[in-house]
Amino acid sequence: MKSVFKLVLNTIPRPLLIRLSYVARPVIAFSLKGNNFTDPIDGKSFKSMLPYGYEKQRNNVLSPSTLSLERHRLLWLYLNEETDFFQSEPDSDSSITNTKRIKLRDAETNSALKVLHFAPEQAFYKRFRKQQNLDYTTTDLFSPLADVKADICNLPFEDNQYDVILCNHVLEHIPDDTKAMQELYRVLKPGGMAILQIPQDLNRDVTFADDSITDQKERTKIFGQYDHVRIYGRDYFDKLRSIGFKVIEEDYTNKISPNLVEKYCLAKGEIIPVCFK
């Protein structure tokens, strides 16, 4: 199965892959029903998750039901437990954390959060769209799920527009990521929150990039995916700070019990870059 998934990822364009997944997902989810692992996004459980990876395949990472990866499930848990993004209060006996929540909305007006979501993931798209407490806009150059077709380096939005920006695993595709970060900062409201996840090698102090590498097979070999242009190191957080963001390096799996990290198939030690303006 791993070789089949690798071939599919590397040969089918992503927009077409998104459309095809809607057909295949129910069949795969039904065939893998079990009790070993659980997707916290929809609560469904499976005997195994699916493999995923363009170059090196990772086992037990892709949810058969929501098509979420480790980072998506971690982000969902963080938004649900640590912020008022979903509006409801956490259970007092939460098995994750009971810390003070980040307040994203104005408590006096209780107005809808203005959310800008880049390259919207299937795991989130319909769920966020249905939330009455969100004024939800999606954007991307190519995704069929995008409301606004836009270049992240030249966004068609006014300054200080959005309470929340979600931009996950996008910046590693962008040659001028400095300009992209500046645009994200520009359209975020003062006091707003942006979560800017990227694939990151935490053992690497300095980000590696080489613009001379243009061959897709070589990019896959070196950067891990044919359309990536760099490997981010720990200096990523300081680069965001240089743009103006206040950055929390949220090591959220350390706040979750080890048995849930395993049950939810999370990547232990993954850092969530939580940024504020």
Completion exercise
Residues Ser68 and Ile41: closest non-hydrogen pair is CB-CD1, 3.6 Å
Exercise for the section: State, yes or no, whether a side-chain contact exists between Met49 and Pro64 at a heavy-atom distance under 4.5 Å. Expected result: yes
Practice task
Please round to the nearest 0.5 Å and tell me the distance separating atom OG of Ser257 and atom OH of Tyr264.
Solution key: 8.0 Å
Completion exercise
Paired with Lys239, the side-chain contact (heavy atoms from CB on, under 4.5 Å) test is passed by just one of Thr207, Asp177, Leu171, Val247, namely Asp177
Exercise for the section: Could you tell me which residues satisfy side chain to side chain contact (heavy atoms under 4.5 Å, CB included) with Ala267, sequence neighbours excluded, listed by chain and number? Expected result: Glu70, Glu270
Exercise for the section: Tell me, please, which residues at least two apart from His117 pass side chain to side chain donor-acceptor pair (under 3.5 Å). Expected result: Glu121, Tyr136
Practice task
Give the cluster check for Val274 versus Ile256: same hydrophobic cluster or not, with ILVMFWY residues linked at side-chain heavy-atom distances below 4.5 Å.
Solution key: yes
Exercise for the section: Identify the heavy atoms of Arg230 and Ala209 that sit nearest to each other, and give their distance. Expected result: CB-CB, 3.8 Å
Handout entry: Residues forming a salt bridge (Lys or Arg N to Asp or Glu O under 4.0 Å) with Glu172, sequence neighbours excluded
Key = none
Completion exercise
Here the gap from Ile248 atom CD1 to Ile271 atom CD1, rounded to the nearest 0.5 Å, amounts to 12.0 Å
Practice task
Taking side chain to side chain contact (heavy atoms under 4.5 Å, CB included) as the test, write out the residues that go with Lys44, two or more places apart.
Solution key: Asp42, Phe46, Ser65
Problem - Hydrophobic cluster of Ile231, others only, ordered by chain and residue number, side-chain cut-off 4.5 Å - result: Phe208, Ile213, Ile222, Phe223
Handout entry: Pairwise side-chain contact, Cys167 with Ile152, heavy-atom cut-off 4.5 Å (strictly under)
Key = yes
Exercise for the section: Identify, with sequence neighbours excluded, every residue that meets salt bridge (Lys or Arg N to Asp or Glu O under 4.0 Å) alongside Asp159. Expected result: Arg186
Handout entry: With sequence neighbours excluded, residues passing side chain to side chain donor-acceptor pair (under 3.5 Å) with Gln161
Key = Lys114
Fill in the blank from the handout: In this structure, CD of Gln197 is separated from CD1 of Ile272 (nearest 0.5 Å) by 6.0 Å
Exercise for the section: Treat each ILVMFWY residue as a node, draw an edge where side-chain heavy atoms are under 4.5 Å apart, and state whether Leu75 and Val164 are in one component. Expected result: yes
Handout entry: Mutual orientation of the aromatic rings belonging to Phe124 and Trp76 [parallel < 30°, tilted 30-60°, perpendicular > 60°]
Key = parallel
Practice task
Before accepting this row, confirm whether a basic side-chain N of the pair Asp201/Arg204 lies closer than 4.0 Å to the acidic partner's carboxylate O.
Solution key: yes
Handout entry: Minimum-distance pair of heavy atoms, taken over all atoms of His169 and Ile198
Key = NE2-C, 3.5 Å
Practice task
Look at Lys189 together with Asp163 and state whether they make a salt bridge at an N to O cut-off of under 4.0 Å.
Solution key: yes
Problem - Cluster link Leu74 to Ile102, ILVMFWY, side chain under 4.5 Å - result: yes
Exercise for the section: Check the pair Gln182, Lys179 against side chain to side chain contact (heavy atoms under 4.5 Å, CB included), reporting the backbone distance first and the verdict last. Expected result: CA-CA 5 Å; Gln182 289 170 341; Lys179 178 60 176 172; 3.8 Å; yes
Exercise for the section: Locate the shortest heavy-atom distance separating Lys217 from Asp215; write the atom from each residue and the value. Expected result: N-OD2, 3.1 Å
Problem - Note, Val115 side chain near Phe128 side chain (heavy atom, < 4.5 Å) - result: no
Exercise for the section: Under the side chain to side chain contact (heavy atoms under 4.5 Å, CB included) rule, what do Asp238 and Leu240 come out as? Steps first, then yes or no, please. Expected result: CA-CA 5 Å; Asp238 285 334; Leu240 290 171; over 6 Å; no
Practice task
Check side chain to side chain contact (heavy atoms under 4.5 Å, CB included) between Tyr185 and all other residues, then give those that pass, not counting sequence neighbours.
Solution key: Ile243, Phe245, Lys277
Practice task
Please check if the side chain of Glu183 supplies one atom and the backbone of Leu155 the other of a donor-acceptor pair under 3.5 Å.
Solution key: yes
Exercise for the section: Would you indicate whether the side-chain heavy atoms of Ile174 and Cys153 approach each other to under 4.5 Å? Expected result: yes
Exercise for the section: Given side chain to side chain contact (heavy atoms under 4.5 Å, CB included), test Met193 with Leu79 step by step and report yes or no. Expected result: CA-CA 11 Å; Met193 181 185 76; Leu79 290 174; 4.0 Å; yes
Fill in the blank from the handout: Residue pairs passing the salt bridge (Lys or Arg N to Asp or Glu O under 4.0 Å) test with at least one member in residues 136-152, sequence neighbours excluded, are Arg129-Asp147
Practice task
Sort out for me which residue in Tyr252, Phe86, Phe85 forms a ring-ring contact (aromatic ring centres under 6.0 Å, His included) with Tyr78.
Solution key: Tyr252
Practice task
Answer yes if Leu104 and Leu184 sit in the same cluster of Ile, Leu, Val, Met, Phe, Trp and Tyr residues linked by side chain heavy atoms under 4.5 Å apart, and no otherwise.
Solution key: no
Practice task
Starting at CG of Leu202, measure out to OH of Tyr236 and round the result to the nearest 0.5 Å.
Solution key: 12.0 Å
Exercise for the section: Check whether any side-chain heavy atom of Asn36 lies under 4.5 Å from a side-chain heavy atom of Ser48, and answer yes or no. Expected result: no
Exercise for the section: With sequence neighbours left out, write down each residue that passes side chain to side chain donor-acceptor pair (under 3.5 Å) with Ser212, or none if nothing qualifies. Expected result: Asp210
Practice task
Check whether the side chains of Asn254 and Lys268 place a donor and an acceptor atom closer than 3.5 Å, and report yes or no.
Solution key: yes
Problem - Sub-4.5 Å side-chain heavy-atom contact between Thr220 and His228 - result: no
Handout entry: salt bridge (Lys or Arg N to Asp or Glu O under 4.0 Å) partners of Asp235, counting only residues at least two apart
Key = none
Exercise for the section: Examine distances only and state if a side-chain atom of Thr139 and a backbone atom of Val148 form a donor-acceptor pair shorter than 3.5 Å. Expected result: yes
Handout entry: Set of residues satisfying salt bridge (Lys or Arg N to Asp or Glu O under 4.0 Å) with respect to Glu249, sequence neighbours excluded
Key = Arg234, Arg241
Practice task
Taking all heavy atoms of Ala119 and all of Val170, pick out the closest pair and write down the distance.
Solution key: CB-CG2, 3.9 Å
Completion exercise
All heavy atoms of Tyr232 vs all of Pro199, minimum pair found to be CB-O, 3.8 Å
Handout entry: Common cluster, Leu188/Leu196, ILVMFWY with side-chain heavy-atom separation under 4.5 Å
Key = yes
Completion exercise
To the nearest 0.5 Å, atom CZ of Arg127 lies from atom CD of Gln122 at 10.5 Å
Problem - Exceeds 12 heavy-atom contacts within 6.0 angstrom, atom CG of Asn259 - result: yes
Practice task
Determine, stepwise, if the pair Ile195 / Glu250 fulfils side chain to side chain contact (heavy atoms under 4.5 Å, CB included).
Solution key: CA-CA 10 Å; Ile195 294 186; Glu250 183 64 77; over 6 Å; no
Practice task
Would you mind reporting whether Thr38 and Ser45 have side-chain heavy atoms less than 4.5 Å apart?
Solution key: yes
Practice task
Give, for atom CZ of Phe37 and atom CG of Asn60, the distance between the pair rounded to the nearest 0.5 Å.
Solution key: 4.0 Å
